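Inspection log for the structure reproduced underneath, given as structure tokens.
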2 protein chains.
Amino acid sequence: MSDITIVDIAKQAGVSIKTVSRVINREEGVGPATRARVEDLIEKLGYRPNVSARSLSSRRSYLIGVVFMRVGAYHYVGEVQVGAMRACRRAGYHMVIEQVDDPGQARGPGLEQALKAGRFDGLVLTPPVCDDPEILAIIEAQGLSYVRVAPDRDFGRSPYVFMDDQQAAHDMTARLWDLGHRRIGFIDGPADHGSARRRREGYMTAMAERGARVKPEWIAPGDFMPLSGLEAGDRLLGLSEPPTAIFAANDSMAMGVLSAASKRGLSVPGDLSVVGFDDGPLAESSWPGLTTVHQPIAEMAEAATEMLIEGFGDPRFRSRTAARQLDYHIVERGSSTSR
Amino acid sequence: MSDITIVDIAKQAGVSIKTVSRVINREEGVGPATRARVEDLIEKLGYRPNVSARSLSSRRSYLIGVVFMRVGAYHYVGEVQVGAMRACRRAGYHMVIEQVDDPGQARGPGLEQALKAGRFDGLVLTPPVCDDPEILAIIEAQGLSYVRVAPDRDFGRSPYVFMDDQQAAHDMTARLWDLGHRRIGFIDGPADHGSARRRREGYMTAMAERGARVKPEWIAPGDFMPLSGLEAGDRLLGLSEPPTAIFAANDSMAMGVLSAASKRGLSVPGDLSVVGFDDGPLAESSWPGLTTVHQPIAEMAEAATEMLIEGFGDPRFRSRTAARQLDYHIVERGSSTSR
DNA sequence: CCACGATACGACAACGTTGTCTATGCCGTT
DNA sequence: AACGGCATAGACAACGTTGTCGTATCGTGG
């Protein structure tokens, strides 16, 4: 760790520390010659401002917290981190991750302690945490800035970034229909997960628009984990009139359906079409490749982090909310075909 | 954010701020009565020490950096984070994640900038980053503490946590042999990945011990990604004398092998036994379930973080290295059977 | 040539802790 | 009674920045 401080730079440059501070922070009021001299010296001595001192004085920590729960695929959280990190690095921020321990005791001591330490300039909240009223209450009580990714409700409560899950699921269902499928099964996500709900609604709407009567048993419960996809697939395929296509609310569960099919000796897509949602790493590596909705997870997290750094999410302006919508697209692979 | 400081507590308790500081930090030299009074007041007013001030004064940031690269399964990084977070929370630390941008330009500006900001009390390095000489050089030049998880070389260079990959792969190979398999294929990991190399060596040793001549074409290249497992599996199964069992160096690639088998109409484990390494979420959700080596990833990261916080890894004592070994075990599922 | 505003910079006090050093009181010992 | 030693506590100066405010210096218009 370099031991040189702003004082050393100031001395050697023959200016006051305040002037050096101004140069560092790109403030006005420094002549071009002075500025150049100071900058050279900073470069030459390899000076780095001390973050703690800076934080103490300016009351900003340059720390962004990303809060999530590990439900379903690790992929989701991974992509969120990738996107948030891009935005953080661009702006010279660091990214602290805060994991919510458990769906049940969401506000376990861990998270609450961490939030109350008061270190964060702002938080990025991802589903399903972004819809947890207890957690939101804690955050707001702290007076923290936050931006949400794909929230499910309280849209006026904070800025957020989203994509149209419902429309995407609608499109996907329509595509299966156009391929000639009429008995289309759906595997649901966790009950309290907004995206899951919206995907189900998109499926329902598309079916209803086409005059199809969706039998209750066509919708199987799932929890976004692969195992639940296997079970749900097993259940659907065991019906007296099994579906000819299954739409899983995420890729992991779709993978489970592939397993369920192979277990029963059914070929995909010959005997059964299977489609998913996410376009994670599994989708392109399965055989056959999985037709799925590409969700721009990293981009959403990046946008949210950007908004946070730009000052949206500040509690003082919480009434002025903002939203950014990103686009999805369907990726056609081999797991679905016409009937 | 609470605006009460140590001064407020001191005033109300009728003691000096230093005494309050002592109570907070559980230092000696405070009478039981005084201590109780101060603690009550802290509790009552909801006082939280200001982290920046504390860092500035004590020269510790209470920030641990976890450095990784997203190679192969997201699962690995996820588990690392889970483990490191457990240790961090126990000790009141926060966890900053630092992603290495790209294998090629490992020390992209992002990571280097982040490290040089000098915020970290210490770093946890995971493979393959923990073996990157350039990154190690940067870290050591900064005088940073670090502990490595499953390093591949330079064992005297820092403390580390590990498990015996080679022995585990040896055991797994032996188990396949005992099931009657003689032509056992192996799918390798990335070339520069130490764990991958050790697993291959375990396989080679076990085969050699049993007098088996491993044909070069039995070892197929892979990169820990599922797609490479599919390709490698395809290749192995296309041999004129295909293996009766395939051991993939991780679960993701084993999943690819399952796909390759199903693509060729081979049943697992009837026509082919498949085993993996990791015991990630995929292993139990595939059909059939994957026989694999359970790797205690979270526990290794937790142990490493603990060591870091306890002061191992301090550059002043770098010569006094320490190592902790954790245990693996083989999880038997349905994907392997006797021949 | 003067007044005046703009520009460029500096002095100094925060920011809220911890580290170091010193002071006080009380006990047991001689 | 004097003393040493320990337990307890406080005073005060760091720590390295930024914020606020003040002050030279300079160019410019009248």
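Worth knowing before you read on, the calculation uses all heavy atoms, side chains too, and leaves out hydrogens, waters and symmetry mates. Sequence lines set the chain letters: A, B, ... in the order given, protein chains first and strands last, and positions in each chain run from 1. These numbers were taken from a predicted model, which means no experiment stands behind them.
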Between C1' of dC9(C) and CD1 of Ile6(A), the distance in whole Å |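 Taking CD1 of Ile6(A) and C1' of dC9(C), I get 14 Å after rounding.
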The reported gap from CD1 in Ile4(B) to OH in Tyr47(B) (rounded to nearest 0.5 angstrom) is 8.5 Å
Distance (rounded to the nearest 0.5 Å) between Arg90(A) CZ and Arg86(A) CZ =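 Interatomic distance, Arg90(A) CZ to Arg86(A) CZ, rounded to 0.5 Å: 7.5 Å.
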Side-chain contact test, heavy atoms from C-beta onward, threshold under 4.5 Å: evaluate it for [X] versus [Y] and give yes or no.
| X | Y | result |
| --- | --- | --- |
| Ile9(A) | Lys44(A) | no |
| Met163(A) | Met300(A) | yes |
| Ser21(A) | Ile17(A) | no |

Upstream residue (5' side of DNA chain D) when Thr19(B) and Ala53(A) are each assigned their closest nucleotide = Thr19(B)
5' priority, DNA chain D, between Pro32(B) and Val7(A) [closest heavy atom] |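 Checking each residue's closest nucleotide, the 5'-ward one belongs to Pro32(B).
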Rounded to 10°, tell me the angle between the two end axes of the helix from dC1(C)-dG30(D) to dT30(C)-dA1(D), each built from five pairs.
-> 50°
Side-chain donor-acceptor contacts of residues 26-38 of chain A below 3.5 Å, not counting sequence neighbours, with atom names and distances?
| unit_1 | atom_1 | unit_2 | atom_2 | d |
| --- | --- | --- | --- | --- |
| Arg35(A) | NH2 | Glu27(A) | O | 2.7 |
| Arg37(A) | NH1 | Ala13(A) | O | 2.2 |

Considering only nitrogen or oxygen atoms on both sides, find all protein atoms under 3.5 Å from nucleotides 19-24 of chain C and state each distance.
| unit_1 | atom_1 | unit_2 | atom_2 | d |
| --- | --- | --- | --- | --- |
| dG19(C) | N7 | Lys18(B) | NZ | 2.7 |

Describe the nucleic acid contact of [X] in one word from base, sugar-phosphate, nothing, applying a heavy-atom distance below 4.0 Å.
| X | value |
| --- | --- |
| Ile17(A) | base |
| Val51(B) | nothing |
| Thr34(A) | sugar-phosphate |

Phe162(B) six-ring face occupied by Arg324(B) cation (under 6.0 Å, within 45°) |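 Ring-cation test returns no.
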Residues which pass side-chain contact (heavy atoms from CB on, under 4.5 Å) with Glu98(B), listed by chain and number, not counting sequence neighbours | Arg89(A), His94(A), Val67(B), Val96(B), Leu111(B), Ala114(B), Phe120(B)
List in chain and number order the residues that pass side-chain contact (heavy atoms from CB on, under 4.5 Å) with Pro151(B), two or more places apart in sequence or in another chain; answer none if no residue qualifies.
->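 Testing Pro151(B) for side-chain contact (heavy atoms from CB on, under 4.5 Å), a comparison that skips the adjacent residues, returns Cys130(B), Asp131(B), Arg148(B), Phe155(B), Tyr160(B).
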With Val80(B) as reference, evaluate Ile97(B), Thr305(B), Val66(B) under the side-chain contact (heavy atoms from CB on, under 4.5 Å) test and give the passing residue.
-> Val66(B)
If you measure only the distance, is there a donor-acceptor pair under 3.5 Å linking the side chains of Gln295(B) and Tyr76(B)?
-> no
Provide the start and end nucleotides, 5' to 3', of the part of DNA chain D that has atoms under 4.0 Å from heavy atoms of chain A.
->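 Extent of the interface on DNA chain D: dG16(D) to dT20(D).
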